[in-house]
Protein chains: 2
Amino acid sequence: MTSGSPDAAADGTRWLDAEEQKAWRAYLFSSMLLQDRLDRELTHSTGISHAYYEILVALSETPGRSMRMSELADRCLSSRSRLSHAVSRLEERGWVRRQTCPEDGRGQLAVLTDEGFEALDAAAHVHVESVRTHLFDQLSPEQIASMRDVGETLLRHLGPR
Amino acid sequence: MTSGSPDAAADGTRWLDAEEQKAWRAYLFSSMLLQDRLDRELTHSTGISHAYYEILVALSETPGRSMRMSELADRCLSSRSRLSHAVSRLEERGWVRRQTCPEDGRGQLAVLTDEGFEALDAAAHVHVESVRTHLFDQLSPEQIASMRDVGETLLRHLGPR
DNA sequence: AGAGCGTAGTTGAAGGCTTGACTATTCCGC
DNA sequence: GCGGAATAGTCAAGCCTTCAACTACGCTCT
């Protein structure tokens with residue numbers, strides 16, 4: 001919807017003016033295209049989607065290579081249900097296994113297996129190279145700094161759900 | 001994967017250093033959270049997902065409120081198959097109808113109905129207000145300008161598939 | 001005219017995600 | 001320690017997306 005007035009209209013809606021529209025669309029489309037591109041390159045050359053990759057990364061970065069399901073879900077910006085399904089599929093591939101949590105009988109630990117670590121290692125090369133090619137190689141140091149600044153500002157607002 | 005060296009390692013992979021990691025994650029997580037938030041607010045208060053919204057917007061901005069399927073797919077960053085399914089569902093709701101293209105017998109035109117336009121009109125208020133609240137209200141004019149600049153730079157690289 | 005090729009769009013099956021309901025376990029106040 | 005509330009995780013149904021055919025039409029060369 002392109003609508004007339006730059007600020008609050010008669011109906012109270014604060015429509016976007018033409019410049020704001022352009023800024024918003026450039027941001028939206030670029031982030032969608034970038035995510036799409038990275039996900040496809042990763043999926044096609046390793047068989048691991050970006051969502052699964054994030055799970056493996058999170059586990060690999062933790063001492064013991066294991067994490068509670070809920071914590072893992074939070075880190076991966078995933079719902080619990082989605083994570084549960086994803087871990088089941090990773091388990092089928094032999095990359096992760098479940099283990100009941102010693103401290104809390106309700107809890108489950110997702111543990112990265114050695115096979116999982118190897119798969120991640122292979123995927124990491126591909127993924128990092130993609131991020132460099134499509135993001136860092138395209139931007140100046142100043143642009144990278146602004147990108148981070150904008151990202152962090154938005155995170156402070158969006159982070160606490 | 002957090003890996004040691006800042007630049008090209010022995011294996012040739014140009015790993016990200018700690019600062020690059022932070023910049024990349026801030027960008028990725030903020031754009032994911034933002035899209036998720038906007039989509040949820042729109043879906044919950046209007047029953048229209050962001051993907052459908054984009055389709056309706058594209059149609060509404062065109063003279064005749066109609067567009068060829070392929071062109072529509074491109075504008076919505078959608079595959080043809082995905083768009084075809086989506087239009088079928090919008091058709092069931094009575095918001096869009098299909099019409100064979102006069103100039104090219106192979107082609108189909110998606111046409112926005114009056115009901116579709118009304119639904120879009122209602123949704124637009126909600127969506128624009130969300131974008132303001134979660135994006136523009138959070139950023140300074142300088143940040144907005146950088147966001148646009150970064151987005152446009154990335155688009156020039158990613159746009160031509 | 002007709003063969004062959006490219007383009008436009010659709011379809012169906014397979015798999016992923018979301019929602020909401022459900023089970024199991026722990027925590028807390030008495 | 002016991003009953004109720006809260007928390008952790010799973011599961012099933014339904015929707016969405018993807019992939020790979022598949023149909024239908026137009027274009028070109030002979």
Side-chain angles (χ1 to χ4, degrees), chain A residues 32-33 35-45 47-55 59 66-93 95-111 161, chain B residues 32-33 35-56 59 66-93 95-111 161:
Chain A
M32 285 177 68
L33 282 172
Q35 278 177 237
D36 195 60
R37 185 75 153 256
L38 296 177
D39 191 33
R40 274 172 205 281
E41 290 188 357
L42 188 59
T43 304
H44 281 158
S45 52
I48 305 177
S49 71
H50 192 260
Y52 289 11
Y53 178 80
E54 286 284 2
I55 293 172
L59 290 176
S66 66
M67 200 183 280
R68 288 291 292 271
M69 296 293 280
S70 314
E71 198 187 341
L72 191 50
D74 290 345
R75 290 227 190 174
C76 298
L77 304 183
S78 176
S79 70
R80 301 183 176 200
S81 171
R82 181 187 176 194
L83 183 80
S84 185
H85 286 296
V87 166
S88 300
R89 278 171 246 119
L90 290 172
E91 222 171 0
E92 285 166 17
R93 297 196 195 181
W95 292 348
V96 168
R97 66 189 157 71
R98 270 179 240 249
Q99 187 182 299
T100 46
C101 179
E103 295 106 30
D104 187 338
R106 294 168 299 181
Q108 291 281 100
L109 246 44
V111 187
R161 260 140 264 188
Chain B
M32 287 176 66
L33 282 173
Q35 279 177 237
D36 195 59
R37 185 75 152 256
L38 296 177
D39 190 33
R40 274 171 204 281
E41 290 187 357
L42 188 60
T43 304
H44 281 158
S45 51
T46 69
I48 305 177
S49 70
H50 192 260
Y52 288 10
Y53 179 79
E54 286 284 3
I55 294 173
L56 299 180
L59 290 177
S66 66
M67 200 182 280
R68 289 289 292 272
M69 294 295 280
S70 315
E71 198 187 341
L72 192 50
D74 290 345
R75 290 226 191 176
C76 298
L77 305 182
S78 176
S79 70
R80 295 172 185 215
S81 170
R82 181 189 176 194
L83 182 79
S84 185
H85 286 295
V87 166
S88 300
R89 278 170 246 119
L90 290 172
E91 222 171 1
E92 285 167 17
R93 296 196 195 182
W95 292 348
V96 169
R97 65 189 160 71
R98 271 179 240 247
Q99 187 181 300
T100 46
C101 179
E103 294 107 32
D104 188 339
R106 295 168 298 182
Q108 290 282 105
L109 281 156
V111 187
R161 258 140 261 191

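All chains are named by letter (A, B, ...) in the order of the sequence lines, taking the proteins before the strands, and each is independently numbered beginning at 1.
What separates CZ of A:Arg68 from C1' of C:dT25 is a distance of 11 Å, to the nearest Å. To the nearest angstrom, C1' of C:dA8 lies 14 Å from CG of B:Leu72. Look at CD on B:Glu71: it is 17 Å from P on C:dT7, rounded to the nearest Å.
Within the 4.5 Å cutoff, the side chain of A:Glu54 has no heavy atoms near those of the A:Arg75 side chain. Side-chain contact between B:Leu59 and B:Val96: present, with at least one pair of heavy atoms (C-beta onward) separated by less than 4.5 Å.
Between A:Gln108 atom CD and A:Cys101 atom SG the span is 8.5 Å, to the nearest 0.5 Å. One distance of note links CD1 of A:Ile55 with OH of A:Tyr52; it measures 7.0 Å at 0.5 Å rounding. Rounding to the nearest 0.5 angstrom, the gap separating the CG atom in A:Leu72 from the CE atom in A:Met67 is 5.5 Å. Atom-to-atom distance recorded for B:His50:NE2 and B:Thr43:OG1 is 9.5 Å, nearest 0.5 angstrom.
Dashed line: the shortest gap from a side-chain N or O of B:Arg80 to OP1 or OP2 of C:dA8 is under 4.0 Å.
Taking 4.0 Å as the cutoff to heavy atoms of chain A, we find the contact window on DNA chain D bounded by D:dT7 to D:dC19.
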Check your understanding: Which letters describe nucleotides 12-19 of chain C, given B = protein heavy atom under 4.0 Å from base, S = only from sugar-phosphate, - = neither?
Key -> B---SSBB

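The salt bridge (charged side-chain N to carboxylate O under 4.0 Å, His left out) analysis of residues 79-91 of chain B, with sequence neighbours excluded, yields the pairs B:Glu91-B:Arg98.
Scored by the salt bridge (Lys or Arg N to Asp or Glu O under 4.0 Å) test, A:Arg106 finds A:Asp104 as partners (sequence neighbours excluded). Judged as a side chain to side chain contact (heavy atoms under 4.5 Å, CB included), and not counting sequence neighbours, the contacts of B:Thr46 are B:Leu42, B:Ile48, B:Ala123, B:Val126.
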Between protein and nucleotides 26-29 of chain C, what N or O pairs are separated by less than 3.5 Å?
from	atom 1	to	atom 2	distance (Å)
C:dT26	OP1	A:Gly105	N	2.8
C:dT26	O4'	A:Arg106	NE	3.3

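A donor-acceptor contact shorter than 3.5 Å is absent between the side chain of A:Ser78 and the backbone of A:Asp74.
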